[in-house]
Amino acid sequence: MSKLGNLGARLYRGEVGYDFIGKRKIWYAVSILITITAIVGLGVRGLNMGIEFSGGAVFTTPKTSVSSTQAQHQAEAASGGHPATVQKLGNGGLRIQISELDTKESVPVQEKLAKDLNVPVEDVNTQLVGPSWGEEIANKAWLGLGIFMILVVLYLAIAFEWRMALAALIALIHDLTITVGVYALVGFEVTPGTVIGLLTILGYSLYDTVVVFDSLKEASRGITKQSRYTYGEIANRSINSTLVRSINTTVVALLPVAGLLFVGGGFLGAGMLNDISLALFVGLAAGAYSSIFIATPLVADFKEREPQMKALARRVRAKRASAAKNDSQGSAEGGAESGEEPQDDAPAAAGSSAAGPRSQPSSRSRGRGRPSGKRR
């Protein structure tokens, strides 16, 4: 068995583990810091909306020797300062997107681009996208997101309970906020592919969360009938028992997405794939983080406020205090039986409570090697 498999088995049996629940305030603080950074980035830089949402024109040129950077400067100059995005095509041509460009402005821009790129004007293909179409796409995306969230909350509330549904909803909002904030900070263009990526990561995030919730539901069944563990401790064991599984599924999902983002987008110049690959990469990582460090600790916080869980915690503490007291008394009795004499200046009450009135004489007699009972 590999080391990781052995660790997973030990985590599942509860032999080792990390106290996720006990240190949840640290992870809450980390999540709040990341979320604030994402919101600040979103507010300061904003999202780089593609022409599908903002409207504009797409010019496709034949093969040319002009570089993408040079073509971008020429396109922005030809359009009067409108932001332009240039992508190199496989046939050597260029795909030039210019935002906020209407029909009247597109014709002179097409002619100016053909002249600057030294290609025939009739070979430059022009496609116009109106802002109303992008607004319709955005509204449909918001509608789909809202329906998804409602269905998720209803399902989790029925399959588990409303506290788990609320915790999962907070985790999903957490993942979306971080992903959108990263888009704002990086400056990648937001396209319909980005929306598809955002909706996809919600499923991955929800999968990891449901796996932990299912383990927690089974482990906490009949929890109030025992007095060995609190709800938070059982929740912590549930996270540890599924930790290796969550790591494995996340790594396996991230590897192809990382290849798509870094290899395809970075080395091969497949810029059209960056919009969906970045959303998937950031969302998958944030979803794995939130299912472990956010969702389940929130459930523990919600549950431990219930009266029956507070009573359970008191019973567990009382039982452990009693066990610790019995252990200390047993240790004191063991020391007395080994021949240790109490100190002269020790209080009498302390000596009697440690060993007891009946055990002290017999321990002394056994220490002298004499049999107990009356001597003849």
Side-chain angles (χ1 to χ4, degrees), residues 30-56 58 68 72 76 82-87 95 97-100 129 131 133-146 148-149 169-206 208 250 253-291 294:
V30 171
S31 296
I32 292 174
L33 179 61
I34 296 175
T35 304
I36 291 175
T37 303
I39 294 175
V40 170
L42 183 62
V44 173
R45 300 196 57 176
L47 292 174
N48 180 20
M49 306 300 292
I51 63 171
E52 292 86 357
F53 297 102
S54 61
V58 180
S68 300
Q72 180 180 0
E76 291 177 351
H82 290 281
T85 303
V86 180
Q87 298 169 350
R95 185 176 186 268
Q97 300 181 12
I98 303 179
S99 301
E100 302 175 358
V129 179
W133 185 81
E135 184 179 356
E136 182 181 356
I137 292 295
N139 292 334
K140 289 182 178 180
W142 283 112
L143 179 61
L145 180 62
F148 177 84
M149 291 290 191
L169 179 61
I170 295 174
L172 289 177
I173 296 175
H174 166 272
D175 300 340
L176 282 175
T177 304
I178 292 178
T179 306
V180 174
V182 170
Y183 254 87
L185 293 173
V186 174
F188 276 22
E189 190 178 38
V190 178
T191 65
T194 306
V195 178
I196 295 173
L198 289 175
L199 295 176
T200 304
I201 65 173
L202 297 180
Y204 279 99
S205 175
L206 188 63
D208 283 339
T250 302
L254 281 176
L255 286 177
V257 176
L260 186 66
L261 176 61
F262 297 108
V263 178
F267 296 101
L268 302 181
M272 297 176 64
L273 300 177
N274 288 338
D275 49 3
I276 187 172
S277 59
L278 180 64
L280 289 175
F281 186 84
V282 177
L284 287 174
Y289 170 84
S290 65
S291 64
I294 302 298

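To the nearest 0.5 angstrom, L198 atom CG is 9.5 Å from I276 atom CD1. Taking CG from L202 and CZ from F148, the interatomic distance works out to 5.0 Å, rounded to the nearest 0.5 Å. The CG atom of L284 sits 11.0 Å away from atom CG of L255, with the distance rounded to the nearest 0.5 Å. Within the model, atoms CD1 of I34 and CD1 of I39 stand 12.0 Å from one another, a figure rounded to the nearest 0.5 Å. Taking CD1 of I201 as the start and CG of L280 as the end, the distance is 7.5 Å to the nearest 0.5 Å. For the atom pair OG1 (T37) and CD1 (I32), the distance works out to 11.5 Å, reported to the nearest 0.5 Å.
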**Request:** With side chain to side chain contact (heavy atoms under 4.5 Å, CB included) as the test, would you mind laying out the steps for Y289 and V30 before giving the verdict?
**Result:** CA-CA 11 Å; Y289 170 84; V30 171; 3.7 Å; yes
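The minimum heavy-atom distance linking L185 with R45 is given by the pair O-NH1, 2.6 Å. Residue I98 comes nearest to A84 through the heavy atom pair CG1-CB, 4.1 Å, listed as atom of the first residue, atom of the second, then distance. Shown here for A184 and G41, the closest heavy-atom pair between the two residues is CB-O, 3.7 Å.
Remark: S290 engages D175 in a side chain to side chain donor-acceptor pair (under 3.5 Å) (not counting sequence neighbours).
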